[in-house]
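See structure below.
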Amino acid sequence: MRIVRFLFVIFLLPLVSAAQDIAIRAGNLIDPATGNVTKNQVIVVHDGKITSVGGAVPSGAKVIDLSNEWVMPGLMDAHTHITMNLPVNPPGESLWESYYVKESTGVRVLRGIHTGEILLNAGFTTVRDVGNNGDYGDVAVEQGIEKKWFHGPTVIPSGKIIGPFGGQFNHIAPEQGRFWQFEYIDADTPDELRKAVHQNIFYGAKVIKLVADNSAFHYSVEDIKAAVNEAHEAGEKVAVHVYGGQAATNVIEGGADSIEHGWDLNDDQLKMMKERGTYLVGTDFPLEHLIALGQMVQIDPKSRAVSIIDRLRRAYKIGVKMAFGADVVVDLPGKSRSDMAFDYLKSFKQAGVSNADVLRYMTTAPADLLGISKERGAIAQGLAADIIAIPGDPLTDTENLRKVNFVMKDGEVIRRP
Ligand SMILES: [Zn+2]
């Protein structure tokens, strides 16, 4: 009898405590899909999932009181490079290429874990990482977080970036070899693209990232279709880095799921995207970030900032589907990666995007683009409990998102007021 009781205590108690209900009292519950706010709702979480919204507090539940807060689903960033940091000092002297040959995949993975933790603490519970992570470093970060060795957001990794010969470089001396293959796959024909997609999926990529317009040999419609068909066959989406011109038209016609950047898209292209349901992940850099980036790549920050806001305003007016993507690749002095991600909110304001739409671009829209709407992205029964809270209303001012003081990831409290 005593042995039986002993076994009961050992084996059953941990199960009972792991499965305890958590009831969150949400003073103001935001539904980003509609922009509606409902008052004094109870969200019940059980074993990492949301089991009810708007009911009563179950007896025996652990109560988390967020009565004075605005509660919403965790934020998503559809365009991160969490393992990457381009050197910005000394100004004007940094070589874009130097970074790629100086840092090992191991270092990148450690940075990815570090960045992931910062983003999660700030309220980003899911990120889509779109490359530049060495030899599948983002897959390693994803696995470490999934195994719960580290706290971090859900990571949708892209593995290596697929592009025409040369990755995102130009004019490398032939005797340097193809060093870019450390994190790019050269693919110049539909067959090579199919093979590159296979390789990435084999090594753990959950999204396919192409660069379409870095060289004179941008991808044809047929090329894009080959990659898209192959990826879709395996249930994966395709994100394509492209700025504009014929390369962008080919990407849209080829059926890519999202255009990354698209800074030079014209109205006809934006209309085509709307018709086809192609997402724009605009990575709408604020001016100060462009200045830092301009030290490494040839852009004029001021005129670029103007054109980015103009493109964002036009895309919004036309009604293109959009998802938030920050594309932070440098560390500005005194700022964290999450500070820098929130800096992009300024661009949306300047382009006249409503606060409600910004919240949608950071939650339900990326969940749709990433193909995870049935798992995450909303506060609804059956979805993962990725929940954040803010002591100020982000629908009144999106800058309040910087004040996130409660984060729950898969039902686990990461921080609370
Ligand atoms: Zn990027």
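Remember, it's 1-based here, ligands and their atoms both numbered in the order they're listed.
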Exercise. Going by atom types only, do Asp284 and Trp263 share a side-chain donor-acceptor pair under 3.5 Å?
Worked result: no
Exercise. Which atom, among the N/O/S set of Asp327, is closest to the Zn ion (ligand 1)?
Worked result: OD1
Exercise. Do any of the N/O/S atoms of His79, backbone or side chain, fall under 2.8 Å from the Zn ion (ligand 1)?
Worked result: yes
For this session: Inspect the contact between Asp343 and Lys335 and indicate whether a charged nitrogen and a carboxylate oxygen are less than 4.0 angstrom apart.
Result: yes
Exercise. When the ring centroid of Tyr203 is compared with that of Tyr136, is the distance short of 6.0 Å?
Worked result: yes
Exercise. Under 2.8 Å from the Zn ion (ligand 1), is there an N/O/S atom belonging to His81?
Worked result: yes
Exercise. Of all the atoms in Glu260, is at least one N, O or S atom closer to the Zn ion (ligand 1) than 2.8 Å?
Worked result: no
For this session: Indicate yes or no for a side-chain donor-acceptor contact from Ser220 to the backbone of Asp223 under 3.5 Å, with no hydrogens or angles considered.
Result: yes
